[in-house]
Amino acid sequence: MKCSLRLIALFAGLISVFFTNAQTLRLEDAVSLALKNSLDIQLVRNNQQIASVNNNIGVAGGLPVVSATGSDNEQSVNVNQKINGSAGLLNIQRNGAASNQLSAGLTGTMVLYNGLRVIATKKRLEELEKQSQQYVNSQVQNVIASVMTNYYDVVRQQQYIKTIDQSIDVAAKKLEIIKTQQQVGLANNADLFQAQLDLNNLLQSKQSQQLVIDQAKTNLLTSLTLRPDSTVIISDTIVVDKSIILGNVLGDMSKNPDVIASEEQIRINQ
């Protein structure tokens, strides 16, 4: 019997560990999910594919245009006609008199010169394709930034609730001390009521903070395109990259996809 109970307890422990690990969401996993499920990224990628297909000399109007036309007109006519002739009244009657008229035509045109408009249009299509690629890069960066911001917001709120828990422990100990002092006549009811109010306020603050954490998790799950009611466990560690230098960031501003896309737009307008 004892062996069976131990096996059950061990099995339950393994299930608990597996369930806990399955719920843990690391930052790397969150970013991967967002990049995979983001509908915004899929939209800009579709636009990029459209721009790539349109970047063709035919779309620019530089290829010959061949047009073919054809028509087939069929008629079925019933004739009932009376004519006065030398032999008297002549009656002509025909049913289903058929006629068929078939015509076809083929034309071809080719641009020889139109003021370099074809070349300018083709160049514009090339710039649009380059710009669409920058929009994809920009959207990817925006998704990553949004996920990281929401992820670390959950971490920040969880750290704050730990501070509240510590304050609750201190307030509970203070309440116990005041109760002990009251029993020996060293504290009055006012001190006891005040300590109880402080503890109740901290408990209420903890409940409010838990709602803030739940909302932050919902925002994170929404950015991952997951169900908002999914249960996840967020790691409580924020790793600060101390190698980031402001000068390097400002120096790389010209490599920002939004800046490059704006420069592409200038060339497109030109």
Side-chain angles (χ1 to χ4, degrees), residues 2 5-34 37-38 141-246 249:
K2 291 182 179 180
L5 291 175
R6 290 179 180 177
L7 290 176
I8 293 174
L10 179 61
F11 183 70
L14 292 175
I15 292 178
S16 177
V17 171
F18 176 78
F19 182 76
T20 301
N21 291 335
Q23 299 295 322
T24 302
L25 181 65
R26 300 181 304 169
L27 178 60
E28 295 83 358
D29 299 333
V31 172
S32 299
L33 283 173
N37 299 333
S38 176
Q141 292 184 5
N142 291 337
V143 169
I144 294 175
S146 176
V147 171
M148 294 181 67
T149 300
N150 292 331
Y151 187 92
Y152 285 131
D153 184 55
V154 176
V155 175
R156 180 173 63 89
Q157 300 298 341
Q158 290 180 161
Q159 291 293 332
Y160 181 63
I161 203 172
K162 289 182 179 180
T163 303
I164 296 177
D165 287 334
Q166 294 176 356
S167 300
I168 289 175
D169 293 338
V170 173
K173 293 294 183 181
K174 181 179 178 181
L175 180 61
E176 292 179 2
I177 293 173
I178 291 178
K179 287 181 178 180
T180 303
Q181 290 177 345
Q182 189 182 35
Q183 291 176 358
V184 297
L186 297 178
N188 53 30
N189 289 333
D191 297 332
L192 179 64
F193 294 156
Q194 185 61 47
Q196 186 65 55
L197 286 175
D198 294 340
L199 180 59
N200 292 340
N201 289 334
L202 289 172
L203 292 174
Q204 184 177 2
S205 298
K206 181 179 179 179
Q207 293 178 354
S208 300
Q209 182 61 24
Q210 186 60 49
L211 292 177
V212 174
I213 294 176
D214 294 340
Q215 181 61 49
K217 287 185 177 181
T218 300
N219 295 337
L220 174 61
L221 293 172
T222 302
S223 63
L224 300 180
T225 321
L226 297 177
R227 290 177 58 89
D229 57 351
S230 302
T231 303
V232 293
I233 297 176
I234 306 300
S235 176
D236 58 351
T237 302
I238 297 180
V239 180
V240 180
D241 188 358
K242 298 182 180 180
S243 62
I244 298 178
I245 302 176
L246 179 60
V249 175

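The model shown is predicted, which means the values in this text are computed figures rather than measured ones. Positions are given from 1 along the sequence.
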**Gap separating the CG atom of L221 from the OG atom of S223, nearest 0.5 angstrom** = 7.5 Å
**Asked** Has E28 got more than 12 heavy atoms of other residues, nucleotides or ligands less than 6.0 Å from its CD?
**Response** yes
**Prompt:** Out of curiosity, Q210 CD to I161 CD1, how far, rounded to the nearest 0.5 Å?
**Reply:** 4.5 Å
**Distance, nearest 0.5 Å, that separates CG of N189 from CD of Q196** = 12.5 Å
**Asked** Within a strict 4.5 Å, meaning less than it, do heavy atoms of the L192 and L175 side chains meet?
**Response** yes
**Prompt:** So which heavy atom on A195 is nearest to which on I178, and how close?
**Reply:** CB-CD1, 3.5 Å
**Message:** Main chain of Q209, side chain of Q157: is a donor-acceptor contact present, judged purely on distance under 3.5 Å?
**Reply:** no
**Complete:** Of L224, V147, V143, the one forming a side-chain contact (heavy atoms from CB on, under 4.5 Å) with V31 is V147
**Heavy-atom side-chain contact between I168 and D165 under 4.5 Å** = yes
**Request:** Identify the two heavy atoms, one from L27 and one from Y152, that lie closest to each other, and give their separation to 0.1 Å.
**Result:** CD2-OH, 3.2 Å
**Prompt:** Would T163 and Q159 count as a side chain to side chain contact (heavy atoms under 4.5 Å, CB included) if you check the C-alpha gap in whole Å, the side-chain angles of each, and the deciding distance to 0.1 Å?
**Reply:** CA-CA 7 Å; T163 303; Q159 291 293 332; 6.0 Å; no
**Prompt:** Any idea which heavy atoms bring L199 and A171 closest together, and the distance?
**Reply:** CD1-CB, 3.9 Å
**Prompt:** Side chains of L220 and L25: does their closest heavy-atom pair fall under 4.5 Å?
**Reply:** yes
**Message:** Check this for me: does any side-chain nitrogen of one of R156 and D153 sit under 4.0 Å from a carboxylate oxygen of the other?
**Reply:** yes
**Message:** Apply side chain to side chain donor-acceptor pair (under 3.5 Å) to residues Q215 and N219 and explain how you reach the verdict.
**Reply:** CA-CA 6 Å; Q215 181 61 49; N219 295 337; 3.1 Å; yes
**Complete:** To the nearest 0.5 Å, atom CG of N150 lies from atom OG1 of T218 at 10.5 Å
**Item:** Side-chain heavy atoms of Q194 within contact of K174, under 4.5 Å
**Value:** no
**Prompt:** Going from CD1 on I213 to OG on S208, what distance comes out if it is rounded to the nearest 0.5 angstrom?
**Reply:** 11.0 Å
**Asked** Hey, does the side chain of T149 reach the backbone of A145 with a donor-acceptor pair shorter than 3.5 angstrom?
**Response** yes
**Asked** Quick one: CD on Q166 to CG on L202, what's the gap to the nearest 0.5 Å?
**Response** 12.0 Å
**Message:** On a heavy-atom basis, which atom in L226 and which in L33 lie closest, and how many Å separate them?
**Reply:** CD1-CD1, 4.1 Å
**Prompt:** Checking K206 side chain against I164 main chain: does a donor-acceptor pair fall under 3.5 Å?
**Reply:** no
